[in-house]
2 protein chains.
Amino acid sequence: MSFHNGFFHHNLQFSRSFTKKLNEQLAKVDLFHSQWLIVYYLYQYGCSTLVEISTYLDVEKPTVTRTVNRLEERGLIEQIPGKDKRERRIQLTEPGVRTYQEAKKVVEEFELQLMTGLAEEDREATLRTLLFLKEKLKQ
Amino acid sequence: MSFHNGFFHHNLQFSRSFTKKLNEQLAKVDLFHSQWLIVYYLYQYGCSTLVEISTYLDVEKPTVTRTVNRLEERGLIEQIPGKDKRERRIQLTEPGVRTYQEAKKVVEEFELQLMTGLAEEDREATLRTLLFLKEKLKQ
DNA sequence: GGTGTATAGTTACCTAGGTAACTATAATAT
DNA sequence: ATATTATAGTTACCTAGGTAACTATACACC
């Protein structure tokens with residue numbers, strides 16, 4: 001694609017394949033990958049607002065609203081009262097924590113399996129490249 | 001994210017940011033990035049079927065159907081009759097070719113700008129990594 | 001030549017990203 | 001104290017990916 005040996009083309013294809021396979025794996029614990037990202041964040045950082053999640057994941061607020069609603073309907077998160085009435089502070093419920101723990105195993109196994117065989121310096125160079133490009137996109 | 005220094009997490013974030021910015025750029029020529037991919041393919045490979053496009057882009061058939069319909073409504077592609085009545089062979093119209101040429105400039109400028117400053121060996125390592133990971137996902 | 005199978009494409013419906021415009025509340029400035 | 005501005009979140013609607021099930025045509029085989 002284009003004159004960069006399909007660099008960006010391959011990146012997009014990989015992302016699609018990756019989320020597809022990750023969704024297949026996460027189906028074992030009845031989660032979608034976007035739900036997993038929020039459950040992961042809530043476990044690591046404790047109770048949060050939707051804007052905090054939106055900022056961390058770099059996803060727009062309406063998208064977060066929708067996914068959080070699904071998690072709430074499924075009883076994996078709960079609202080906690082706060083001073084600022086605009087905010088919606090949420091945290092994992094007890095079933096939410098259990099789901100996190102199960103999903104974590106699935107995701108770690110999946111990512112580890114995918115990573116094995118990849119040269120360490122290639123992994124580092126790729127991470128460096130992604131961070132570089134992400135930064136450039138912000139300008 | 002997880003124990004790989006957020007490798008996959010950064011990749012997903014980058015892909016989202018990338019398509020977002022590319023869509024912004026392609027708005028200049030009134031295209032979305034998924035439409036651009038098909039226009040690009042048709043210009044390079046000539047008249048094609050939807051399955052050929054689907055295979056090349058690694059995107060499911062229903063997705064291709066939808067995007068192709070939009071391109072046809074906009075008059076950028078046209079159907080050409082063929083022997084196999086199941087197939088839908090399409091090609092760029094004359095306005096489609098012009099749109100390709102305009103979009104090509106926009107995309108090349110965007111990608112070039114993004115690439116400048118990236119070390120050559122990092123670019124190569126990243127491409128190698130993406131191809132490696134894509135291959136592993138197919139298993 | 002009829003039957004079973006494979007292929008091309010579509011339809012319906014799901015998640016997931018985006019923007020624009022809106023409401024409600026908080027913070028700030030005058 | 002009031003008016004303005006900023007922030008949190010939602011709603012409506014768009015593109016874009018996916019799966020499952022379907023139709024119609026082509027192919028293969030007996």
Side-chain angles (χ1 to χ4, degrees), chain A residues 9 11-27 30-39 47-74 77 79-90 137, chain B residues 9 11-27 30-39 47-74 77 79-90 137:
Chain A
H9 185 54
N11 197 310
L12 290 183
Q13 282 194 349
F14 168 69
S15 294
R16 275 202 305 270
S17 297
F18 177 78
T19 57
K20 203 168 156 179
K21 290 279 181 181
L22 183 53
N23 276 332
E24 281 175 22
Q25 293 300 311
L26 283 171
D30 203 20
L31 277 185
F32 287 95
H33 88 278
S34 63
Q35 297 173 345
W36 158 248
L37 291 175
I38 291 179
V39 166
C47 85
S48 314
T49 67
L50 302 209
V51 164
E52 285 164 358
I53 295 170
S54 169
T55 302
Y56 175 75
L57 295 180
D58 193 24
V59 158
E60 298 300 323
K61 291 186 294 176
T63 306
V64 175
T65 296
R66 188 209 294 137
T67 307
V68 162
N69 285 344
R70 301 240 170 86
L71 291 172
E72 195 164 31
E73 287 162 14
R74 288 199 41 206
I77 62 169
Q79 201 158 343
I80 53 179
K83 201 179 132 219
D84 191 332
K85 285 180 186 173
R86 293 171 303 179
E87 286 181 350
R88 187 175 164 193
R89 296 203 84 84
I90 56 169
L137 282 174
Chain B
H9 185 54
N11 197 313
L12 290 183
Q13 281 195 349
F14 169 69
S15 293
R16 274 203 306 270
S17 296
F18 178 78
T19 58
K20 202 168 156 180
K21 289 280 181 182
L22 183 54
N23 276 333
E24 281 175 24
Q25 294 299 310
L26 284 170
D30 202 21
L31 276 185
F32 288 95
H33 88 279
S34 61
Q35 298 173 344
W36 158 249
L37 291 175
I38 290 178
V39 167
C47 83
S48 314
T49 66
L50 303 208
V51 164
E52 285 164 357
I53 295 171
S54 169
T55 302
Y56 175 76
L57 295 180
D58 192 23
V59 157
E60 298 300 324
K61 292 186 294 177
T63 305
V64 174
T65 296
R66 189 209 294 136
T67 306
V68 162
N69 285 344
R70 300 239 170 86
L71 291 171
E72 194 164 32
E73 286 162 16
R74 288 198 43 206
I77 62 169
Q79 201 158 343
I80 51 178
K83 202 180 132 218
D84 190 332
K85 285 180 185 171
R86 294 171 304 178
E87 285 181 350
R88 188 175 164 192
R89 296 203 84 85
I90 56 170
L137 281 174

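Please read these numbers as outputs of a predicted model, since none were measured by experiment. Within every chain, numbering begins at 1; the chains are lettered A, B, ... in the order of the sequence lines, protein sequences first and strands thereafter.
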Assert: residue with more 5' nearest nucleotide on DNA chain D, out of A/Thr65 and B/Asn23, is A/Thr65
Round to a whole Å and report the spacing from CG of B/Leu137 to P of D/dG18. 13 Å
Which value, rounded to the nearest 0.5 Å, describes the distance between A/Ile53 atom CD1 and A/Asp58 atom CG? 14.0 Å
Nearest whole Å is fine: how far is D/dA16 P from B/Phe18 CZ? 14 Å
Tell me which nucleotide among D/dG17, C/dG18, D/dG9 gets nearest to the side chain of A/Glu60. C/dG18
Which nucleotide in the list C/dT11, D/dA8, C/dG9 gets nearest to the side chain of B/Pro62? C/dT11
Could you state the CG-C1' distance from A/Asn69 to C/dA16, rounded to the nearest angstrom? 14 Å
Atom pair OG/CD of B/Ser48 and B/Glu87 - distance to nearest 0.5 Å: 10.5 Å
Of all the choices, C/dA16, C/dT25, D/dG17, which nucleotide is nearest to the side chain of B/Thr63 once you look at every atom? D/dG17
Under 4.0 Å, heavy atoms only, any strand: does B/Ser34 hit a base, just the sugar-phosphate, or nothing? sugar-phosphate
With heavy atoms under 4.0 Å as the rule, sort B/Thr19 into base, sugar-phosphate or nothing. nothing
Integer-rounded Å distance: C/dG18 P and B/Gln25 CD: 17 Å
Nearest to side-chain heavy atoms of A/Arg88, which nucleotide of C/dT11, C/dG9, D/dT10: D/dT10
Looking at side-chain heavy atoms only, is the closest gap between A/His33 and A/Lys21 below 4.5 Å? no
Roughly how far, to the nearest 0.5 Å, is CD1 of A/Ile90 from CD1 of A/Ile38? 7.0 Å
Of the nucleotides D/dA8, C/dG17, D/dT10, which has the atom closest to the B/Arg16 side chain? C/dG17
Is there a donor on the side chain of B/Lys61 or the base of C/dG9 sitting less than 3.5 Å from an acceptor on the other? yes
Classify B/Val59 by what it touches in the nucleic acid, base, sugar-phosphate, or nothing, heavy-atom distance under 4.0 Å. sugar-phosphate
Between P on D/dT23 and CG on B/Leu50, what's the gap in Å once rounded to a whole number? 20 Å
Could you please name the option among C/dT10, D/dA26, C/dG18 that lies closest to any side-chain atom of B/Arg86? D/dA26
First encountered from the 5' end of DNA chain C, between A/Arg70 and A/Lys85: A/Arg70
Specify the separation, in whole Å, of atom CG of B/Leu37 and atom C1' of D/dT15. 13 Å
Using whole Å, report how far NE2 of A/His33 lies from P of D/dG18. 12 Å
Using atom CH2 of A/Trp36 as one end and atom C1' of C/dT15 as the other, report the distance to the nearest whole Å. 18 Å
What's A/Lys21 touching, base or sugar-phosphate or nothing? Going by heavy atoms closer than 4.0 Å. nothing
Distance, nearest 0.5 Å, that separates CD1 of A/Ile77 from OG1 of A/Thr67: 10.0 Å
A/Lys20 and B/Leu137, any side-chain heavy atoms less than 4.5 Å apart: no
Hey, is the side chain of B/Arg66 pairing donor to acceptor with the base of C/dG9 inside 3.5 Å? no
Name the closest nucleotide to the B/Phe32 side chain, picking from C/dA16, C/dA26, D/dA16. D/dA16
Nearest-neighbour nucleotide for the B/Lys20 side chain, C/dT19, C/dT11, C/dA16 considered: C/dT19
